[in-house]
Engineer: 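One structure is given below, represented as structure tokens, and several questions about it will come after.
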Amino acid sequence: MFGFLYDYPSKATCSKKMSEKSYHVLKTTKMEFGGTCGVAAMIVSLPLTVYTINLACDKESCSITRLPKFPSFSYFFDVEATYIFFGWLAFQVVLSLLPIGEVVPGQPLKSGKTLIYRCNGFHALLISSAAFGLAVYCDVPLTIVYDKFYQILTAALVYSVFLSIALYFKSTLVANYKLAPGGNTGSIIYDFFMGHELNPRIGSLDLKFFCELRPGLIGWVMLNFVFVLKAYQETGTFPPALTMVTAFQTLYVADGLYFESAILTTMDIMHDGFGYMLIFGDLVWVPFLYCLQTRYLLEHPTELTWYTMCGIVALNFVGYYIFRSSNSEKNEFRKNPHDPKFANYETIPTVSGKKLLVSGWWGMVRKPNYLGDLCMALAWSLPCGLNALTYFYPIYFLILLVHRERRDGNECKKKYGSSWDRYCQRVKYRIFPHLY
Ligand code: NDP
């Protein structure tokens, strides 16, 4: 769901043997992102992007053309902030280990193994939100998180780097069948970035599954809550625009966690290794960049007319409706294509035995779920008015999803051949009806 830079990795080069230990992950031959040099540049430039965009948007001004003021190096490090970050991480680890929530088998991996996952992310969100409320009630000075935003960001970044290094070393010690097909080139830098081991675990704690949806995503919601609290403490009110965007983003995260088991079928879990790209994306990029609009609305309160607000609320909920109903439609069809509710749906058979939906959402455009997601992304920035920097998320997301749609189309063409061509002839538009 929160793919960050996610894309389909290079074509897997794996043997087909089903016995786990005899399964052999071959060397990755095709590199993504410009190979070793490209990922080396990204290892450095991605954190710089997070700092630069945030520093370009402060209380004084928030402008794409303004050169951010970089404080001294020592400004970014703080012991208390480090405790806050690790305390948060430990809290989420404890919640993930609670014996509540469904226990779900993952998709069978190419090694033949099926891993088991406990899906209690939604419970973790509820408990975290209740703990936030309790902390407010007990006058815990939660706005310290706002005051030490950059220092907590730095703690998360340093931890991401250390975890990525540790997991890379760990991956050099594990059996070959545990490696990720997309991160097995032999280039240390490339494999470090893409992730060398597929599903590193500490006991029952699956590190990738845990990081994908918990500390960063719930952390993003908590950062937003802190901004709303800060605004309340300063003004005695809940600023409508800030509160509205916080509610939108909370709904988005809650949806992702409610349908947590859906992530088990994604390429992130099934195919991508757990390396710097996902670790940094999950723990730094998502929480500390996706909260840009809410931090902007705290520092630059925006007055919206009631009809503008209604329009934005409508856009968000239309987006959410398209996103949720199209994802559910496809998931339900994939789970049980014989469900009577699909009796009147038109489909195209494929060589693999699976069918492609040509009715419903999937007959309107090829990626209705991306359309819904993009409507929501826009609704989160519109309350910020015409400030270009606060449109970073929808613009970055549009580029990501356009690229992702192309790559998924190529994969479907490989899987379904002429059936996919027929589908594309029937459903001409990729994401935006009558436009693209
Ligand atoms: P999709 O949910 O779009 O799934 C793609 C797969 O669906 C295809 O490979 C194919 O797989 C199947 N499919 C495609 N067309 C049809 C059809 N007509 N009928 C039946 N099956 C079809 O993939 P994503 O994982 O990219 O997206 C999932 C959600 O996550 C989306 O809502 C997206 O917006 C969101 N997302 C969010 C991100 C974020 O950072 N916030 C990042 C990336 C995604 P098969 O045939 O093998 O079943």
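Just follow the structure's listing: the first ligand is 1, and inside any ligand the first atom is 1.
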Engineer: Tell me which part of Y290 gets within contact of ligand 1: side chain, backbone, both or neither, using heavy atoms under 4.0 Å.
Structural biologist: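 Within the 4.0 Å criterion, Y290 contacts ligand 1 through side-chain atoms alone.
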
Engineer: For E411, is the nearest heavy atom under 4.0 Å from an atom of ligand 1?
Structural biologist: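 E411 does not count as a contact of ligand 1 under the 4.0 Å cut-off.
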
Engineer: Mind checking whether D408 contacts ligand 1 via backbone (N, CA, C, O), side chain (CB onward), both or neither, at a 4.0 Å heavy-atom cut-off?
Structural biologist: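 Within the 4.0 Å criterion, D408 contacts ligand 1 through side-chain atoms alone.
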
Engineer: Where the side chain of N327 meets the backbone of F323, is there a donor-acceptor pair that is under 3.5 Å apart?
Structural biologist: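 Yes, N327 side chain to F323 backbone: donor-acceptor pair under 3.5 Å.
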
Engineer: Is there a donor-acceptor contact under 3.5 Å linking the side chains of E299 and Y146?
Structural biologist: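 There is such a pair (donor and acceptor under 3.5 Å, judged by atom type) between the side chains of E299 and Y146.
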
Engineer: At the 4.0 Å heavy-atom cut-off, does F259 count as touching ligand 1?
Structural biologist: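 Distance cut 4.0 Å: F259 fails for ligand 1.
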
Engineer: For ligand 1, indicate whether the residue N327 contacts it via side chain, backbone, both or neither (heavy-atom separation under 4.0 Å).
Structural biologist: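 The answer is the side chain.
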
Engineer: Geometry only, no angles: is F333 polar-contacting ligand 1 at N/O separations under 3.5 Å?
Structural biologist: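 It does not: no N or O of F333 is found under 3.5 Å from an N or O of ligand 1.
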
Engineer: For C412, take its heavy atoms, then give the atoms of ligand 1 lying under 4.0 Å from any of them.
Structural biologist: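 Those atoms are 8 (C), 9 (O), 10 (C).
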
Engineer: Would you mind running through ligand 1 and noting each atom that sits below 4.0 Å from a heavy atom of F323?
Structural biologist: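 Here the atoms of ligand 1 in question are 32 (O).
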
Engineer: For ligand 1, is there an N or O atom under 3.5 Å from any N or O atom of Y252?
Structural biologist: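 It does: an N or O of Y252 is found under 3.5 Å from an N or O of ligand 1.
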
Engineer: Which of the atoms of ligand 1 are close to K354, meaning less than 4.0 Å from one of its heavy atoms?
Structural biologist: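 It comes down to these atoms of ligand 1: 45 (P), 47 (O), 48 (O).
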
Engineer: Taking the six-membered ring for Trp, are F238 and Y232 parallel (under 30°), tilted (30 to 60°) or perpendicular (over 60°)?
Structural biologist: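 F238 and Y232: parallel rings.
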
Engineer: Is the F342 ring parallel, tilted or perpendicular to the Y345 ring (thresholds 30°, 60°)?
Structural biologist: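 The arrangement is perpendicular - the two ring planes meet at more than 60°.
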
Engineer: Please lay out, stage by stage, how Y370 and R404 fare under the test side chain to side chain donor-acceptor pair (under 3.5 Å).
Structural biologist: CA-CA 10 Å; Y370 289 6; R404 192 173 163 104; 3.1 Å; yes

Engineer: So between R366, K330, K355, whose heavy atom ends up nearest atom 12 (C) of ligand 1?
Structural biologist: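 Comparing heavy atoms across R366, K330, K355, the nearest one to atom 12 (C) of ligand 1 lies in K330.
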
Engineer: For Y370, is at least one N or O under 3.5 Å away from an N or O on ligand 1?
Structural biologist: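 Yes, since at least one N or O of Y370 sits under 3.5 Å from an N or O of ligand 1.
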
Engineer: Under 3.5 Å between some N or O of ligand 1 and some N or O of Y423?
Structural biologist: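 Yes, Y423 has an N/O under 3.5 Å of an N/O on ligand 1.
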
Engineer: Only heavy atoms count here, so choose which of T350, V427, D373 is nearest to atom 34 (O) of ligand 1.
Structural biologist: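 Among T350, V427, D373, the closest heavy atom to atom 34 (O) of ligand 1 belongs to D373.
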
Engineer: Would you call the rings of Y320 and F317 parallel, tilted or perpendicular, where under 30° means parallel and over 60° means perpendicular?
Structural biologist: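 It falls in the perpendicular class, over 60°.
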
Engineer: At a non-hydrogen distance cut-off of under 4.0 Å, which region of S326 contacts ligand 1 (side chain, backbone, both, or neither)?
Structural biologist: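 Near ligand 1, S326 shows nothing, with every heavy atom at 4.0 Å or more.
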
Engineer: Salt bridge or not for K367 and E405, using N-O below 4.0 Å?
Structural biologist: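 So K367 does not pair with E405 through a salt bridge.
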
Engineer: Judged by non-hydrogen atoms, does K415 sit under 4.0 Å from ligand 1?
Structural biologist: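 Heavy atoms of K415 do come under 4.0 Å of ligand 1.
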
Engineer: By number and element, which atoms of ligand 1 are closer than 4.0 Å to a non-hydrogen atom of K367?
Structural biologist: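 In order of numbering, the contacting atoms are 1 (P), 3 (O), 4 (O), 5 (C).
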
Engineer: So does E332 pair up with K335, basic N to acidic O under 4.0 Å?
Structural biologist: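 Result for this pair is no, no salt bridge flagged.
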
Engineer: Passes salt bridge (charged side-chain N to carboxylate O under 4.0 Å, His left out), E212 versus K208? Steps please.
Structural biologist: CA-CA 6 Å; E212 279 277 279; K208 184 165 53 170; over 6 Å; no

Engineer: Show which atoms of ligand 1 fall inside a sub-4.0 Å distance from at least one heavy-atom site of Y416.
Structural biologist: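 Here the atoms of ligand 1 in question are 45 (P), 46 (O), 47 (O).
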
Engineer: Sub-3.5 Å donor-acceptor pair from the side chain of N369 to the main-chain atoms of S326, do we have one?
Structural biologist: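 Flag not set: sc N369 to bb S326 has no pair under 3.5 Å.
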
Engineer: Heavy atoms only: give me the nearest L283-C211 pair and the separation to one decimal.
Structural biologist: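 Nearest pair, atom of L283 first, then C211: CD2-SG, 4.3 Å.
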
